[in-house]
Each structure stands twice: as structure tokens, then as C-alpha cells.
There are 2 protein chains.
Amino acid sequence: MKLKDDRKVELIFEAALKLVAKKGLSGITMGDISREAGIATGTLYVYFTGKDELINALFAASRANSVQVAFRGYELTTPFKLGFRTVWMNILRYKLQHFEEVVFLEQCYHSPYITEETREKARELAVPFFDLIERGQQEMLIKTADTGLLLTFMMGAINELVKQTHYSNETLSKKKIDLTFDLCWDALKA
Amino acid sequence: MKLKDDRKVELIFEAALKLVAKKGLSGITMGDISREAGIATGTLYVYFTGKDELINALFAASRANSVQVAFRGYELTTPFKLGFRTVWMNILRYKLQHFEEVVFLEQCYHSPYITEETREKARELAVPFFDLIERGQQEMLIKTADTGLLLTFMMGAINELVKQTHYSNETLSKKKIDLTFDLCWDALKA
DNA sequence: AAGATAAGCGAATAAATATTCATTTCTGTA
DNA sequence: TACAGAAATGAATATTTATTCGCTTATCTT
């Protein structure tokens with residue numbers, strides 16, 4: 001008997017992301033996805049029960065990816081600002097390289113596809129980020145304001161930088177990256 | 001003979017915005033819009049040639065609205081920081097009150113509905129904002145970095161605050177508003 | 001007040017899209 | 001190597017959604 005092919009799920013996800021970045025969530029069909037992935041439409045239903053499940057799965061995977069990468073190289077023993085910078089740069093790098101996920105996640109937020117359950121799981125993934133900001137506050141390096149607010153502000157800044165970069169399609173210089181980090185740090189620092 | 005009813009366009013727009021904020025751009029149908037607006041589906045086609053035109057028109061109107069309000073009370077003669085603050089607060093107030101437009105515009109950016117022509121018109125509307133930032137730079141009050149970058153950063157911060165506020169559905173206190181303005185100012189100031 | 005003209009209607013139609021299914025192609029197991 | 005069972009296919013079907021159209025209703029003009 002033939003087994004399911006994990007690589008195929010990857011193909012499907014890649015195809016869907018590519019199409020959403022180009023046409024938006026409202027512009028993709030199961031037919032488009034299968035064509036882009038180079039497989040038959042029916043095959044999509046071997047891996048997912050339907051469009052809803054496919055999109056929820058992709059949403060969960062995208063969220064998980066970006067979080068997983070964020071804390072690479074971060075240790076509680078490193079000085080805060082340096083660690084914060086590491087995480088910040090990780091996130092930025094990831095989002096620049098995976099712009100399609102940025103767009104996809106944004107579009108999903110107000111879509112009927114994502115279930116409350118999927119949303120809840122996404123929220124849980126944010127816990128380490130809250131911890132990070134709170135550490136900074138305890139060390140008196142970060143403003144003592146609503147943690148969620150500071151966090152959204154920081155993520156918003158990164159997202160905007162990524163989008164700006166993409167739309168103006170210039171490659172982001174080291175200098176510009178450092179500058180934006182400074183913008184962000186100046187905003188959050190106590 | 002009967003004349004077209006401007007109020008009806010408003011009704012259609014309101015209905016579409018409401019639905020997009022709830023279900024996303026991918027979740028709305030012409031039927032939904034007409035039902036929500038309390039008119040017949042066919043009537044939509046008296047006012048718009050089809051779904052594409054309806055959405056483009058709403059996009060243009062939403063963009064124009066938020067810009068139009070931004071410079072209310074701003075004069076070139078007022079000191080920069082005060083003027084900047086006025087504009088910043090205008091934008092924030094508007095977006096809080098018109099959250100649905102924020103969501104709608106965001107969703108439209110990567111949709112197949114919005115034509116290049118509509119996008120171009122939207123870009124032109126941003127000119128006064130560039131002028132504002134450039135004024136600040138000339139007065140040495142704002143960092144001398146890519147104007148577009150600073151602008152996106154500022155808008156991003158406001159957008160994020162608006163979204164954060166909405167999702168956590170608490171009313172935004174004066175204190176929190178001032179804090180976020182400070183975050184933003186600290187980020188941009190020279 | 002009568003006629004003309006366009007708005008307004010919503011069921012009918014056309015078009016697009018998701019999903020199913022009969023069939024074929026693999027590939028792991030014996 | 002042969003068989004079993006699941007993956008893969010894509011045309012056919014079901015469903016959803018955009019758009020049209022014959023008709024009714026409203027209101028402007030004279």
C-alpha cells in the first residue's frame with residue numbers, strides 16, 4: 001500500500017501561501033491551489049477534509065513556524081538588550097524570508113475560516129514573548145506599560161517594516177535594519 | 001422619473017464594511033451585502049456594475065475618509081510637535097471609531113479586487129503625510145531616515161494600537177493613548 | 001393628474017467553485 | 001513477484017454565488 005507523503009503537505013502549503021500573497025485569501029480556490037502545487041484537485045481531499053481544514057492547518061503551521069524561530073540563540077543569561085535584539089532580528093529575518101506567511105496570517109485574522117480553537121492555540125504561542133517583555137520590565141529597561149500593548153507595538157513595527165520593504169522592493173540594508181531596531185528600542189525603553 | 005438615492009450607497013457601504021469586519025473579504029457575498037443593507041440584490045447593480053466595482057469604490061471612499069479627517073486643526077504655523085500630535089490623534093480617533101474600515105483596507109491590500117488604478121489613487125492621498133514628516137526632519141525634530149519608513153512605522157503603531165484595543169475590547173484610556181503617542185514620538189524623534 | 005423614466009425587486013439563470021467518486025497508479029508486505 | 005490497500009487522478013456533480021431580467025413601484029416633469 002501507498003503511504004501519505006509529508007512532502008506533499010509542504011507542497012500544498014507553499015502553493016496556498018504563494019497564491020494568497022498574490023491574490024489574497026478571497027482570491028484562491030481549491031483548483032488554484034492544486035494547480036500551483038502540481039497535483040490533482042482530488043488529492044487535496046486526501047490530506048484535508050476540505051478548504052476550511054486546509055486553511056486552519058496552514059494558519060497553525062505558519063504561526064508555529066514564526067514563533068519557533070524567534071528564540072533561537074536567546075538565553076536567559078544574556079544581557080537583556082542583546083537578547084531582545086537577537087529575538088527582534090530573528091523575527092525580522094524570518095518575516096522577510098517568509099513574507100507570504102505574513103500576508104496570509106494577516107488575512108486570516110478576519111476570515112470566517114479560522115475557528116476559535118485555532119485562534120486560541122495561536123494565542124498560547126505568544127506566551128514566550130510576554131515573558132520576554134516582562135523580563136525587560138523587571139530589569140527596569142522597558143517602560144512599565146501594558147505588556148500586550150508594548151508587544152503589539154513591537155510586532156507591528158516589524159510587520160510594517162517587512163511590508164514596506166516588500167512593497168518598495170528594495171533589499172533591506174543593514175543600516176536600515178539597525179535604524180528600525182533603534183526606532184523600536186527607543187519606543188519601548190524605559 | 002426616480003433618481004438614485006445617495007443614502008443608499010451609504011447603506012451599501014456600511015453593510016459591506018460591517019460584514020468584512022466580521023467575516024473578512026473572503027466571506028462576503030452580494031447576497032449578504034444586500035440583506036444587511038435591507039435592499040434587493042438586484043438593486044446593488046443599479047449602483048455598481050458588479051462586485052469588483054463596489055469594492056473598489058468602497059476602498060477609495062474609505063481611504064479618502066481617513067485622510068480627509070487627519071489634518072483637521074493642523075496648521076503650518078503651529079509648532080511641529082503639537083501639530084504632529086494633533087494629526088496623530090485625529091488618525092487614532094478616526095480609526096478607533098471606524099475600525100471596520102481599518103480591517104477592510106488591510107484585507108483589500110492583497111486582494112484581487114483592487115485595481116492598480118485604485119491603488120495609485122490611494123498612494124497619492126499619502127502625500128500630505130510625507131510632507132508632515134519632512135517638515136519635522138527639516139526642523140531637526142524627527143530622525144533623518146527614509147521618510148516612507150518613518151511614516152509606515154507611525155501608521156503601523158496606530159493600526160496596532162487600534163487592533164489591540166479592539167481585540168481586548170476595553171475602552172482606550174486617555175492614559176494609554178498618551179503612552180502610545182509617547183512610544184511613537186520617542187521612536188521618531190531625532 | 002398622467003405619462004415617462006429610472007429605481008427597486010427577487011426569482012431565474014449563468015458562472016464559478018467545492019466536493020465526490022469511479023478508476024488508475026503506486027508501493028509496502030508477504 | 002503478486003496482492004492489498006491506500007494515494008492519486010480529473011471528470012462529473014453539487015453547491016454556492018454573481019449577475020440578469022421581466023416586472024412593479026416610486027417620483028420627477030409637464
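If you're wondering where the values come from, they're calculated on a predicted model, not measured in any experiment. Any value given below was found using the heavy atoms of this structure, including those in side chains, with hydrogens, waters and symmetry copies removed. In the text below, chain A, chain B and the rest are named by the order of the sequence lines, each starting its count at 1.
If you measure from atom NZ of B/Lys8 to atom P of D/dA26, you get 11 Å, rounded to the nearest angstrom. Atom NZ in A/Lys4 sits about 18 Å away from atom C1' in C/dT25, given to the nearest Å. In this structure, OH of A/Tyr45 is placed 15 Å from P of D/dA14, rounded to the nearest angstrom. Going from atom CD1 of A/Ile33 over to atom P of C/dT17 covers 12 Å, rounded to whole Å. Regarding B/Asp6, its CG atom lies at a distance of 16 Å from the C1' atom of C/dG8, rounded to whole Å. A straight line from CE of A/Met1 to C1' of D/dA8 spans 15 Å, rounded to a whole angstrom. As rounded to whole Å, 10 Å separates atom P of D/dA8 from atom CG of A/Leu3. The distance from atom CE of B/Met30 to atom P of C/dC9 is 14 Å, rounded to the nearest whole Å.
No cation-pi contact links B/Arg135 to B/Phe80, judged by a cut-off of 6.0 Å to the six-membered ring centre and 45° from its axis.
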Inset, instruction - Step by step, work out the ring pair (Phe, Tyr, Trp, His ring centres under 6.0 Å) result for B/Phe13 and B/His98. - result: CA-CA 12 Å; B/Phe13 280 175; B/His98 301 264; over 10 Å; no
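Here A/Phe71 and A/Phe129 bring their ring centres to under 6.0 angstrom of each other.
B/Thr29 comes within contact range of the sugar-phosphate backbone alone, with a heavy-atom separation under 4.0 Å but no base atom that close. Contacts of A/Tyr47 with the nucleic acid, taken as non-hydrogen atoms under 4.0 Å apart, involve only primed sugar atoms and P, OP1 or OP2. As judged by a 4.0 angstrom heavy-atom cut-off over every strand, B/Leu44 is placed among residues making no nucleic acid contact.
Looking at B/Lys121 and B/Glu124, no side-chain N of the basic residue comes within less than 4.0 Å of a carboxylate O on the acidic one, giving no salt bridge.
Considering only side-chain atoms of B/Thr43, the nucleotide from C/dT19, D/dA18, C/dG8 that sits closest is C/dG8.
Contact check, B/Lys2 against C/dT5: no side-chain N or O comes under 4.0 Å of OP1 or OP2.
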